[in-house]
Visitor: 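Supplied in structure tokens, the structure appears directly below.
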Amino acid sequence: RVKEDGRDGIAFFEQAMQVAASERLAIESELRKAFSDNQLRLHYQPQVVYGSQKILGAEALLRWQHPERGLIGPSAFIDVLEQSSLIFDAGRWILARACECIAGLLTDQLVNPDTFCLSVNISPRQFRHPNFVGDVLGAIRQHAIPTRCLSLEITEGIVIENINDTIDKMNELRQHGVHFSIDDFGTGYSSLSYLKRLPVDLLKIDQSFVRDCTGNANDAEIIRAIIAIASSLHMDLIAEGVETRDQLNFLHAQGCDQFQGYLFSPPVDEHRFRELLASGGFAQQH
Ligand code: C2E
Ligand code: MG
Ligand code: MG
Ligand code: MG
């Protein structure tokens with residue numbers, strides 16, 4: 001009886017997995033086609049300094065320009081992409097596209113090469129690829145950009161899995177001038193002793209804490225703690241997902257000076273991003 005139930009359980013589980021797996025395969029093969037048909041895009045979300053409201057950088061965010069379904073955000077496909085081998089080719093494409101964008105902004109003098117930084121999200125498997133360092137440096141060289149203009153966003157998950165390898169790779173890139181930030185900070189499990197060993201320049205306060213920071217005392221406390229950690233580790237800080245003036249004012253009062261969020265701009269295509277840079281940022285609106 002017990003054995004039979006167990007078998008049924010397994011059979012049911014296998015069936016459920018098959019449905020999920022076949023759907024996953026369908027998305028994966030669509031993604032492969034999208035990649036070879038040049039349907040992937042990078043959009044850019046400005047990062048803004050308090051006070052001057054100038055754009056000091058941006059985050060590159062992946063989009064899928066689907067011929068029938070329109071523009072699709074990464075939440076619909078990023079898990080499948082990151083778990084398939086396509087992430088390696090797509091990851092190299094993302095890095096190359098980001099460097100190409102930086103090169104164009106510099107050529108047209110839309111940004112200052114000494115201060116501007118474009119950040120690119122790096123998936124764990126992409127980071128762990130044996131040639132990751134070579135891929136990053138290759139993209140930088142191919143487009144002849146200053147290394148300091150590129151920043152890589154990694155998550156706490158990457159750090160925990162293989163701390164010594166992670167640190168070696170980061171240090172190698174850091175020696176060439178590539179910057180690092182920790183994305184979604186506060187949602188993972190990295191310990192402070194790990195964190196202080198990492199060559200990280202910037203912590204990104206996760207938007208889940210920003211969302212209710214003016215109404216939820218716990219989130220406000222977490223933000224204060226993250227700001228204290230960044231300051232004691234001499235790391236810069238940026239808050240993501242800032243949507244309201246109240247959030248902006250709260251975060252600034254706590255000591256955060258850099259912001260990314262709909263309050264300033266959603267992620268936009270390169271053309272619009274260039275227009276924003278040309279108009280001098282958000283000084284008029286805020
Ligand atoms: P993330 O790196 O934490 O990116 C921030 C997400 O917050 C973006 O969602 C952005 O559009 C959204 N966002 C920005 N400001 C606001 C705001 O004020 N309010 C709200 N509610 N949301 C805001 P998006 O573009 O859908 O990307 C989702 C996630 O997909 C990213 O989270 C990142 O983990 C992943 N992703 C995006 N592009 C890439 C990529 O090129 N490579 C890899 N490996 N992952 C990527
Ligand atoms: Mg990010
Ligand atoms: Mg994030
Ligand atoms: Mg995220």
Side-chain angles (χ1 to χ4, degrees), residues 31 34-35 39-48 55 57-65 70-101 117-129 132 135-136 139 150-158 179-188 200-214 223 226 237-248 250-251 258-270 272-273 276 282 286:
L31 270 172
F35 181 64
Q39 291 169 9
L40 297 186
R41 302 279 181 275
L42 288 185
H43 279 199
Y44 303 90
Q45 186 174 35
Q47 299 173 328
V48 177
I55 298 173
E59 175 174 10
L61 291 157
L62 189 62
R63 298 290 181 264
W64 176 359
Q65 185 66 60
L71 198 65
I72 303 176
S75 59
F77 62 85
I78 198 74
D79 287 351
V80 174
L81 181 69
E82 290 189 338
Q83 284 167 45
S84 89
S85 61
L86 186 58
I87 188 61
F88 302 120
D89 283 341
R92 276 186 285 268
W93 177 84
I94 290 164
L95 281 165
R97 185 74 267 282
C99 291
E100 186 186 22
C101 173
C117 196
L118 181 65
S119 63
V120 173
N121 292 282
I122 302 297
S123 85
R125 288 179 67 225
Q126 187 187 2
F127 183 89
R128 273 185 236 112
H129 190 281
F132 179 68
D135 288 344
V136 174
L150 182 69
S151 169
L152 305 180
E153 294 194 5
I154 62 170
T155 51
E156 291 167 84
I158 291 184
H179 292 271
F180 283 96
S181 53
I182 303 228
D183 204 359
D184 308 336
F185 187 73
T187 63
V200 165
D201 310 275
L202 181 81
L203 295 185
K204 299 191 79 172
I205 304 176
D206 189 62
Q207 51 184 279
S208 62
F209 306 122
V210 172
R211 195 172 302 130
D212 297 324
C213 69
T214 56
I223 284 178
I226 291 174
L237 198 66
I238 185 166
E240 63 180 7
V242 180
E243 295 183 355
T244 68
R245 295 295 316 222
D246 283 352
Q247 291 166 346
L248 179 78
F250 172 84
L251 287 157
Q258 298 180 31
F259 304 95
Q260 181 183 337
Y262 296 165
L263 177 63
F264 295 98
S265 171
V268 293
D269 66 19
E270 186 172 358
R272 179 71 190 128
F273 182 51
L276 288 171
F282 302 92
H286 295 275

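Note that ligands are numbered from 1 as they come in the structure, with each ligand's atoms numbered from 1 the same way.
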Visitor: With sequence neighbours left out, write down each residue that passes ring pair (Phe, Tyr, Trp, His ring centres under 6.0 Å) with F132, or none if nothing qualifies.
Guide: F127
Visitor: Report the residues that fulfil salt bridge (charged side-chain N to carboxylate O under 4.0 Å, His left out) with R63, sequence neighbours left out, ordered by chain and then residue number.
Guide: none
Visitor: Can a salt bridge be assigned to the pair D269 and R272 using a cut-off of 4.0 Å between side-chain N and carboxylate O?
Guide: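 Answer for the salt bridge query: no.
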Visitor: Is the backbone of E82 close enough, under 3.5 Å, to the side chain of R125 for a donor and an acceptor to pair up by distance?
Guide: yes
Visitor: Using a 4.0 Å cutoff against the non-hydrogen atoms of P267, which atoms of ligand 1 qualify?
Guide: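 Contacts of ligand 1 toward P267, numbered from 1: 11 (O).
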Visitor: Record the part of H43 in heavy-atom contact with ligand 1 below 4.0 Å; permitted values are side chain, backbone, both and neither.
Guide: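 For H43, there is no contact with ligand 1 at all, from either part.
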Visitor: Does a donor on one side chain and an acceptor on the other come within less than 3.5 Å for Q45 and E59?
Guide: no
Visitor: Of the backbone atoms (N, CA, C, O) and the side-chain heavy atoms from C-beta on, which set of S123 has a member under 4.0 Å from an atom of ligand 1: side chain, backbone, both, or neither?
Guide: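 Looking at S123 and ligand 1, atoms from backbone and side chain both fall under 4.0 Å.
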Visitor: Counting heavy atoms only, which part of I78 comes closer than 4.0 Å to ligand 1: side chain, backbone, both or neither?
Guide: side chain
Visitor: Hey, which atoms in ligand 1 end up nearer than 4.0 Å to a heavy atom of G261?
Guide: 15 (N), 18 (O)
Visitor: For the side chain of E156 and the backbone of G186, is there at least one donor-acceptor N/O pair under 3.5 Å apart?
Guide: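 A pair under 3.5 Å: yes.
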Visitor: Below 3.5 angstrom, do we get any N/O pair linking D183 and ligand 1?
Guide: yes
Visitor: Please check: side-chain N/O of R245 versus main-chain N/O of L263, any donor-acceptor pairing under 3.5 Å?
Guide: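 Looks like no, no N/O pair under 3.5 Å.
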Visitor: Quick one: which ligand 1 atoms are inside 4.0 Å of a heavy atom on E82?
Guide: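 Result: 43 (C), 44 (N), 45 (N).
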Visitor: Would D246 and T244 count as a side-chain hydrogen bond (donor to acceptor under 3.5 Å, both in side chains) if you check the C-alpha gap in whole Å, the side-chain angles of each, and the deciding distance to 0.1 Å?
Guide: CA-CA 5 Å; D246 283 352; T244 68; 5.4 Å; no
Visitor: Quick one: report the N, O or S atom of E59 that is nearest to the Mg ion (ligand 2).
Guide: OE2
Visitor: For the backbone of G261 and the side chain of E243, can you confirm whether one donor and one acceptor N or O come within less than 3.5 Å of each other?
Guide: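 Between the backbone of G261 and the side chain of E243 there is no qualifying donor-acceptor contact (under 3.5 Å).
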Visitor: Out of I122, I87, N121, V242, who is nearest to atom 39 (C) of ligand 1 when you count heavy atoms only?
Guide: N121
Visitor: Would you check if the Mg ion (ligand 3) lies under 2.8 Å from any N, O or S atom of E240?
Guide: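 Here the distance criterion (N, O or S atom, under 2.8 Å) is met by E240, so yes.
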Visitor: Who's closest to atom 21 (N) of ligand 1 heavy-atom-wise, of K204, E59, E243?
Guide: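 Among K204, E59, E243, the closest heavy atom to atom 21 (N) of ligand 1 belongs to E243.
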Visitor: Mark up the atoms of ligand 1 that fall under 4.0 Å of a heavy atom belonging to Q45, in ascending order.
Guide: 14 (C), 15 (N)
Visitor: With rounding to 10 degrees, what does the angle D183:OD2 / the Mg ion (ligand 2) / E153:OE1 come to?
Guide: 90°
Visitor: Is D184 close enough that one of its N/O/S atoms sits under 2.8 Å from the Mg ion (ligand 3)?
Guide: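 Given the 2.8 Å cut-off, D184 counts as a ligand of the Mg ion (ligand 3).
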Visitor: Would you mind running through ligand 1 and noting each atom that sits below 4.0 Å from a heavy atom of Q207?
Guide: 5 (C), 6 (C), 7 (O), 12 (C), 13 (N), 20 (C), 21 (N), 22 (N), 23 (C)
Visitor: Heavy atom of G241 under 4.0 Å from ligand 1?
Guide: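 G241: in contact with ligand 1 (<4.0 Å).
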Visitor: Going by side-chain contact (heavy atoms from CB on, under 4.5 Å), D206 matches just one of D183, I182, T187. Which one?
Guide: T187
Visitor: Could you tell me if the side chain of L62 sits less than 4.5 Å from the side chain of L42, heavy atoms only?
Guide: yes
Visitor: Measuring to the Mg ion (ligand 2), does N121 have an N/O/S atom at a distance below 2.8 Å?
Guide: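 Checking the Mg ion (ligand 2) against N121, an N, O or S atom does fall under 2.8 Å.
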Visitor: State whether the shortest distance between N or O atoms of S75 and N or O atoms of ligand 1 falls below 3.5 angstrom.
Guide: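 Between S75 and ligand 1 (N or O atoms, distance only) the closest approach is not under 3.5 Å.
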Visitor: Is it the side chain, the backbone, both or neither of Q260 that has a heavy atom closer than 4.0 Å to ligand 1?
Guide: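 None of Q260 does.
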Visitor: Among L237, I238, I205, I226, find the residue that satisfies the side-chain contact (heavy atoms from CB on, under 4.5 Å) test when tested with F185.
Guide: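 Only one of L237, I238, I205, I226 forms a side-chain contact (heavy atoms from CB on, under 4.5 Å) with F185, namely I226.
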